[in-house]
Every structure is written in structure tokens, then in C-alpha cells.
Undergrad: 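Below is the structure I would like to discuss, written out as C-alpha cells.
None of these values were measured; they are calculated from a predicted model.
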Amino acid sequence: MGTPRLNTARGIAVWLALVAYRLARCALALLGLASVVGDVWAALLIVLAAAAGFNWLLRVAAWFALMRLWHWPWPLAAIAVVPRLVLLLPGLIATVVARLRHPRPLWTAPVPLAAPASAGPDAPAAPRAPAGPQRALPDPEA
């Protein structure tokens with residue numbers, strides 16, 4: 001915890017770090033796209049993608065730039081561009097392994113038994129309990 005002033009400063013610092021990270025990712029995407037489509041088209045695509053909220057396009061372009069221009073291995077480039085993968089992948093891998101180790105059953109749900117032959121379509125239905133509360137407990141004084 002901390003004082004309100006420290007909490008505000010910490011919040012602003014985290015926000016500035018996130019803005020710096022996203023701007024760096026846009027710069028990387030600009031470098032990656034510029035090597036493919038040219039400077040002007042890359043800048044236009046980055047501005048349009050950022051304005052429209054196409055984060056996946058920015059991530060793919062930055063990943064491409066890290067791999068192609070800076071020769072990073074693809075797993076490190078993916079972690080640098082999408083750091084949430086570090087938290088997401090263990091659960092995803094565990095789910096896949098659990099599904100492989102314990103597959104769902106191949107049989108279908110059981111079919112309910114047919115009504116007895118003596119009960120025809122005009123037979124009265126079985127009596128049902130009233131829809132109210134459950135039976136009251138017997139009175140111990142009675």
C-alpha cells in the first residue's frame with residue numbers, strides 16, 4: 001500500500017510504461033512493414049491499424065520485424081511482442097495434454113427406457129407430489 005500520492009505516481013508510471021511499450025511495438029511494426037511495402041505505405045498502415053484497433057496486425061508486423069531484421073528466434077520474438085503468452089501458454093498446454101490423456105467418452109448418452117406395455121396412451125399419469133414446500137416434519141408434541 002502507500003499514500004494516495006504514491007499510488008497516483010505508481011499508476012502514472014505504469015500507464016507511461018504501457019504507452020512506451022505500445023509505441024515501441026508500433027515502431028517495430030513500422031520497421032517490419034517498411035522493409036516489405038515501403039516507408040509511406042508502412043506509416044499509413046500503422047496509423048490506420050492503430051486507429052482502427054487492429055492490434056493483431058501491429059503484433060504480426062513487429063514479430064516479423066524482430067525475426068527478419070534483427071534475426072531473433074521466433075519464440076523470443078513472440079514473447080517480446082505478446083508478453084501475455086508467458087501467462088497463457090502453460091494453461092493452454094495443460095488443457096491440451098489433459099484432453100489427450102483423458103479423452104471424452106465415445107459413447108452417446110443413454111436412451112431412456114420405454115414406458116411399460118401395459119400403460120397405453122390413455123392411461124392416467126402417475127400421481128405427482130404437490131408443487132408446494134416439502135412435507136412438514138411431524139409435530140413432536142402431538
Side-chain angles (χ1 to χ4, degrees), residues 1-140:
M1 299 308 216
T3 64
R5 179 177 249 170
L6 180 63
N7 288 340
T8 303
R10 186 179 304 141
I12 291 172
V14 167
W15 182 79
L16 287 174
L18 285 173
V19 167
Y21 172 74
R22 289 186 180 205
L23 285 175
R25 187 168 56 193
C26 284
L28 276 173
L30 181 67
L31 287 174
L33 284 176
S35 70
V36 177
V37 296
D39 296 341
V40 176
W41 283 106
L44 183 65
L45 285 173
I46 295 300
V47 168
L48 287 175
F54 291 137
N55 288 327
W56 61 269
L57 179 65
L58 298 174
R59 289 177 182 146
V60 168
W63 180 70
F64 181 74
L66 285 173
M67 285 190 348
R68 183 172 177 184
L69 301 177
W70 292 353
H71 306 291
W72 281 32
W74 70 267
L76 289 179
I79 290 172
V81 173
V82 188
R84 201 173 295 148
L85 282 177
V86 174
L87 300 174
L88 182 86
L89 281 179
L92 186 64
I93 291 169
T95 302
V96 169
V97 169
R99 200 166 275 182
L100 290 174
R101 290 181 67 198
H102 308 289
R104 295 195 181 265
L106 299 177
W107 58 83
T108 58
V111 179
L113 296 174
S118 62
D122 298 330
R128 293 186 174 203
Q134 296 294 327
R135 272 187 283 170
L137 294 174
D139 188 18

Undergrad: Show me, pair by pair, the donor-acceptor contacts under 3.5 angstrom made by side chains of residues 35-47, not counting sequence neighbours?
TA:
from	atom 1	to	atom 2	distance (Å)
Ser35	OG	Gly32	O	2.8

Undergrad: Side-chain polar contacts of residues 16-24 - donor-acceptor pairs under 3.5 angstrom, sequence neighbours left out - could you list them?
TA:
from	atom 1	to	atom 2	distance (Å)
Tyr21	OH	Ala80	O	3.0
Tyr21	OH	Val81	O	2.7

Undergrad: Report all side-chain donor-acceptor pairs from residues 49-73 shorter than 3.5 Å, counting only partners two or more places apart or in another chain.
TA:
from	atom 1	to	atom 2	distance (Å)
Trp63	NE1	Trp74	O	3.3

